Protein chains: 2
Amino acid sequence: MSLPHAILTALLEKPSSGLELTRRFDRSIGYFWSATHQQIYRELGKLESEGYIRALPTEQPTRGQKKSYEVLPAGRAELARWTAAAQDPKPPRDTLLLRLRASAMVGTTGIEADLRRHLTLHQRQLAEYEEIQQRDFGPGRDTPQDRLQHLILRAGIDLETFWTRWLTHALEEFERLPAPEGSP
Amino acid sequence: MSLPHAILTALLEKPSSGLELTRRFDRSIGYFWSATHQQIYRELGKLESEGYIRALPTEQPTRGQKKSYEVLPAGRAELARWTAAAQDPKPPRDTLLLRLRASAMVGTTGIEADLRRHLTLHQRQLAEYEEIQQRDFGPGRDTPQDRLQHLILRAGIDLETFWTRWLTHALEEFERLPAPEGSP
DNA sequence: ATCCGTTGTGCAACTAGTTGCAAAAAGAGT
DNA sequence: ACTCTTTTTGCAACTAGTTGCACAACGGAT
């Protein structure tokens, strides 16, 4: 129930076409809400038919032709409503932890390499976030909007920091572990 | 693609009926992979028909009758395969961060209360984890299995710690923010 | 002119998870 | 014996996300 609201947010930040949205979902917004272009187009159609957004008047309504959308007042209202409404955090779904638990039953053979891979992925993501922080949040940027954005970015940074630390610790633990139960 | 493997893991830890599994998914396993009883029954049927598990011989194969399952060798093998296979971490989907970003566009009215609510929820979860740590991971428990389980628990603890810290920080930030843009 | 890769839009089918409801058995109370 | 509740199992319909592919326009290269 969040994709439409993610799109409304993105369109409020800047009216865009489907493809532009897709690109932005690969960067900033996608860092905590990813979506494919098919999802986005489908949802744009739905949002338009519900009167939350409208296509910018650019004539050509044919296929393969760029079409930009902007948010209508009804869309902004719906977004405000949704933002303010209470929502329970949904239980995390983490495959890696699940696999680790499985490996306690069937042996740790093979999983260590993937832990290492995840570690570098998280380190890379962390570096990317820190670069953004350096670039976009120097001193001076201090409007309420900037502070909110920075707050969000810091969540990303802290999360990735947690993962890199935890994975490092996990790998150290593995060193100390006896040979995998699968191959004694 | 992970629910069947979560179930296999749970059944390896201890053969169980659908309802028992459901209860365990509400506690330990559900901390990082939740599932409803309907999902579980459906998946049990599938796993049985694929030859990964079998019902323990308890006669009565009728409805409303308790039926326990155990993992067959093929199931264990499949679980081992899946555990060792590389998997990309999937991009996080976090509604709260999304709402915060939306609130930078439509105003922060209303969201603060929910941040506070989330904070207490995370604090509660953290307390629960720490209790488990105290209870189940005192000194002495030091088999490879124990260490893996503890590692997983620590991920939970650190994650909840991150959220409580970040939410606390966010709420402090809100104090310093001017009156919500939605109501000036 | 026409072929060809790129940009941009979109449909359809599939997979996974959620919600709502119901039916069979077992035990408890009267 | 009989209803009534609880336990346990399950079906069916819905929602959200994923995968695979197709089709139109545009801009350059031959």
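What you are looking at is a predicted structure, and each value in this text was computed from that prediction instead of being measured. Below, chain A is the first sequence line, B the second, and so on; all start at residue 1. Computed from heavy atoms alone, side chains included, the values below leave out hydrogens, waters and symmetry copies.
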Sugar-phosphate, base or nothing in reach of A:T22, heavy atoms under 4.0 Å: nothing
No-H, no-angle donor-acceptor pair, A:H37 side chain to C:dG10 base, under 3.5 Å: yes
B:I40 CD1 to C:dT19 P, straight-line distance once rounded to whole Å: 15 Å
Distance in angstrom units between B:L19 CG and D:dT6 C1', rounded: 11 Å
Atom of B:L79, atom of A:A102 and distance for their closest heavy-atom approach: CD1-CB, 4.0 Å
Any donor-acceptor N/O pair, A:T109 side chain to A:G107 backbone, under 3.5 Å: no
Ion pair check, B:R117 and B:D114, cut-off under 4.0 Å: yes
Salt bridge A:E13-A:R24, side-chain N to carboxylate O under 4.0 Å: yes
Nearest-Å distance for atom pair CG/P, residues B:L56 and D:dT9: 12 Å
B/S/- contact track for nucleotides 13-18 of chain C, protein heavy atom under 4.0 Å: ---SBB
For atom CD of A:E20 and atom C1' of C:dT6, their distance in whole Å: 16 Å
Donor-acceptor side-chain pairing of B:D158 and B:T161 below 3.5 angstrom: no
Separation of atom OH in A:Y41 from atom P in D:dA24, rounded to whole Å: 16 Å
Co-membership, hydrophobic cluster, residues A:Y31 and A:I157, 4.5 Å side-chain: yes
